[in-house]
Amino acid sequence: SANDMKTAEDYVKNHYAAPNDEMFGIAKGKNVIYIHLESFQQFLLDYKLKDENGVEHEVTPFLNSLYHNNSTFAFDNFFHQVSAGKTSDAETLMENSLFGLNQGSLFTQLGDKNTFEAAPAILDQTQGYSSAVFHGNAGNFWNRNETYKHLGYENFFDASYYDVTDENSFQYGLHDKPFFQQSVQYLEHLQQPFYSKFIAVSNHYPYSQFTNDEGGFPLANTSDETINGYFATANYLDKSVEEFFNYLKKSGLYENSVVVLYGDHYGVSDSRNKNLAELVGKNKETWTDFDNAQMQRVPYMIHVPGQENGGINHTYGGQVDALPTLLHLLGVDTSNYIQLGQDLFSKDHQQLVAFRNGDFVTPNYTYRGGTVYDNQTGEAIPTLSESLAQQVETWKQDVTNQLDISDQINNGDLLRFYTNSGLTAVNPDDYNYKGSLD
Ligand code: GP9
Ligand code: MN
């Protein structure tokens, strides 16, 4: 009801983190190019894989060069917050600063029904941006072809826009190199400034796509085939992104754009992590849920050509924080929007990262499965001091509130009652993704 909307609004007002003056508007008017790094975990950055001769191979040299570039604002304590909706949950979080659902995918269940105030609509209405998603898979996967209309995306270039063959694709669509190559013809026609998202999907489970010599990258040597191939597909993604950057530079788009790269979720699941332990300098025998929680870090890098005060920021945050962070860089006031995250550059940003199931991470402690771990030692704390117990209770409550408010907004379709944003409701019928394979 409208009353529930008021509760949500009060929460958001109290939780609002004001922009950092030094960062607000530094990318105003620039195109936004999101590059979705499928299943890409933070540990891959700067990672070197040893082959059977002990020779080290840098997995993602290009992404590493961006990570260490002073025009890049990178975060090394940024966590994914998805649940069963995987990629689609990450999209929900990044586009709306709302969580996905506790069960299933919001895109699938509510994406074609709810009212949203998502990034494409905000940027269209406040700054005159056009918008497009590029993805070399069938448009109905995750109900994208309907959901994107509700998010206010003007264009969705799905597999039907690409030349997809048995040779250049796998079960989730076109491989990344042809994907970026073939995207250019559409990108060139977008009216600037544009807000765009490239969902590159090659680095997707089962990671057997590039395990032959043609892939040109060594396999890891564990008992788990999935882990063994993960580095080779990540390397292929890296080369693909590099080619795309070369195009952006050649075309001149680069100078007028901000490129945001993010990992959507883990590539190696908790159930496989023990087999990964040794490769990340840990011991299989002493691997715990603490380690599983730490592995949920994913990259978040905002590359702003022309800026030189970037660097690797250690602030703890998650995907829910991405939208207010980006909007503030673009000079958009978010104080009247219903967004549950907080600008990562804000002095008011609270370093408390909720997982979708109510577990959480802070700079010093990790709460998982009812156990509190000390981040410094990685050990479970058997008995909490009174003050720490109190602190943990407060965090739990904060996390529960954030997730509950998100669920109330989504399950109650509350944004349809919200008028204080100053935005006009998106009309999904305005959009027709001609060619989509639905
Ligand atoms: C498919 C791609 C994969 O289009 O987004 O989604 P995932 O399996 O990672 O959720
Ligand atoms: Mn995914």
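Any value given below was found using the heavy atoms of this structure, including those in side chains, with hydrogens, waters and symmetry copies removed. Starting from 1, each residue takes its place in the sequence as its number. Both counts, for ligands and for their atoms, begin at 1 and track the order of listing.
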Engineer: With a 4.5 Å heavy-atom cut-off, do Tyr236 and Asn203 have their side chains touching?
Structural biologist: no

Engineer: Would you say Glu38 has any N or O atom under 3.5 Å from an N or O of ligand 1, going by distance alone?
Structural biologist: yes

Engineer: Within a distance under 4.0 Å of any heavy atom of Val201, pick out the atoms of ligand 1 and give their elements.
Structural biologist: 2 (C)

Engineer: Has His265 got an N, O or S atom lying less than 2.8 Å from the Mn ion (ligand 2)?
Structural biologist: yes

Engineer: Classify the contact between Tyr205 and ligand 1 as side chain, backbone, both or neither, using a heavy-atom distance cut-off of under 4.0 Å.
Structural biologist: neither

Engineer: If the threshold is 4.0 Å, N to carboxylate O, is there a salt bridge linking Asp291 and Arg368?
Structural biologist: no

Engineer: Can you tell whether the side chains of Lys197 and Glu91 come within less than 4.0 Å, N to carboxylate O?
Structural biologist: yes

Engineer: What is the closest protein heavy atom to atom 5 (O) of ligand 1, and at what distance does it sit?
Structural biologist: Arg144 NH2, 2.7 Å

Engineer: Checking side-chain polar atoms at under 3.5 Å, does His328 have a donor or acceptor matched by the opposite partner on Asp343?
Structural biologist: yes

Engineer: Taking atom types as modelled, is there a side-chain donor on Asp46 or His68 under 3.5 Å from an acceptor on the other?
Structural biologist: yes

Engineer: Can you name the N/O/S atom of Asp264 that is nearest the Mn ion (ligand 2)?
Structural biologist: OD2

Engineer: Heavy-atom contacts with His135 under 4.0 Å: which atoms of ligand 1 show up? List them by number with element.
Structural biologist: 1 (C), 4 (O), 5 (O)

Engineer: To check your reading of the model: name the closest protein heavy atom to atom 7 (P) of ligand 1, its residue, and the distance in Å.
Structural biologist: Thr87 OG1, 3.0 Å

Engineer: Which atom pair, heavy atoms only, marks the closest approach of Ala293 to Thr366?
Structural biologist: CB-CG2, 3.7 Å

Engineer: Working note: Asp112 + His150, criterion side-chain hydrogen bond (donor to acceptor under 3.5 Å, both in side chains); need CA distance, chi angles, decisive distance, verdict.
Structural biologist: CA-CA 6 Å; Asp112 55 356; His150 286 246; over 6 Å; no

Engineer: Please determine whether salt bridge (Lys or Arg N to Asp or Glu O under 4.0 Å) holds for the pair Lys284 and Glu278, giving the CA-CA distance in whole Å, both sets of side-chain angles, and the decisive distance to 0.1 Å.
Structural biologist: CA-CA 7 Å; Lys284 191 182 185 127; Glu278 208 179 307; over 6 Å; no

Engineer: Could you tell me which atoms of ligand 1, counted from 1 in the order shown, lie closer than 4.0 angstrom to a heavy atom of His204?
Structural biologist: 3 (C), 6 (O), 7 (P), 8 (O), 9 (O)

Engineer: Mind checking whether Ser88 has an N or O less than 3.5 Å away from an N or O of ligand 1?
Structural biologist: no

Engineer: With carbon and hydrogen excluded and only N/O/S kept, which atom of Glu38 is nearest the Mn ion (ligand 2)?
Structural biologist: OE2

Engineer: Tell me whether Thr87 has at least one N, O or S atom under 2.8 Å from the Mn ion (ligand 2).
Structural biologist: yes

Engineer: What distance separates Asn155 CG from Ser130 OG, expressed to the nearest 0.5 Å?
Structural biologist: 7.0 Å

Engineer: Check ligand 1 against His265 and write out every atom of the ligand that is under 4.0 Å from a heavy-atom position of the residue.
Structural biologist: 9 (O)

Engineer: Only heavy atoms of Asn137, strictly under 4.0 Å: list the atoms of ligand 1 that pass.
Structural biologist: 1 (C), 4 (O)

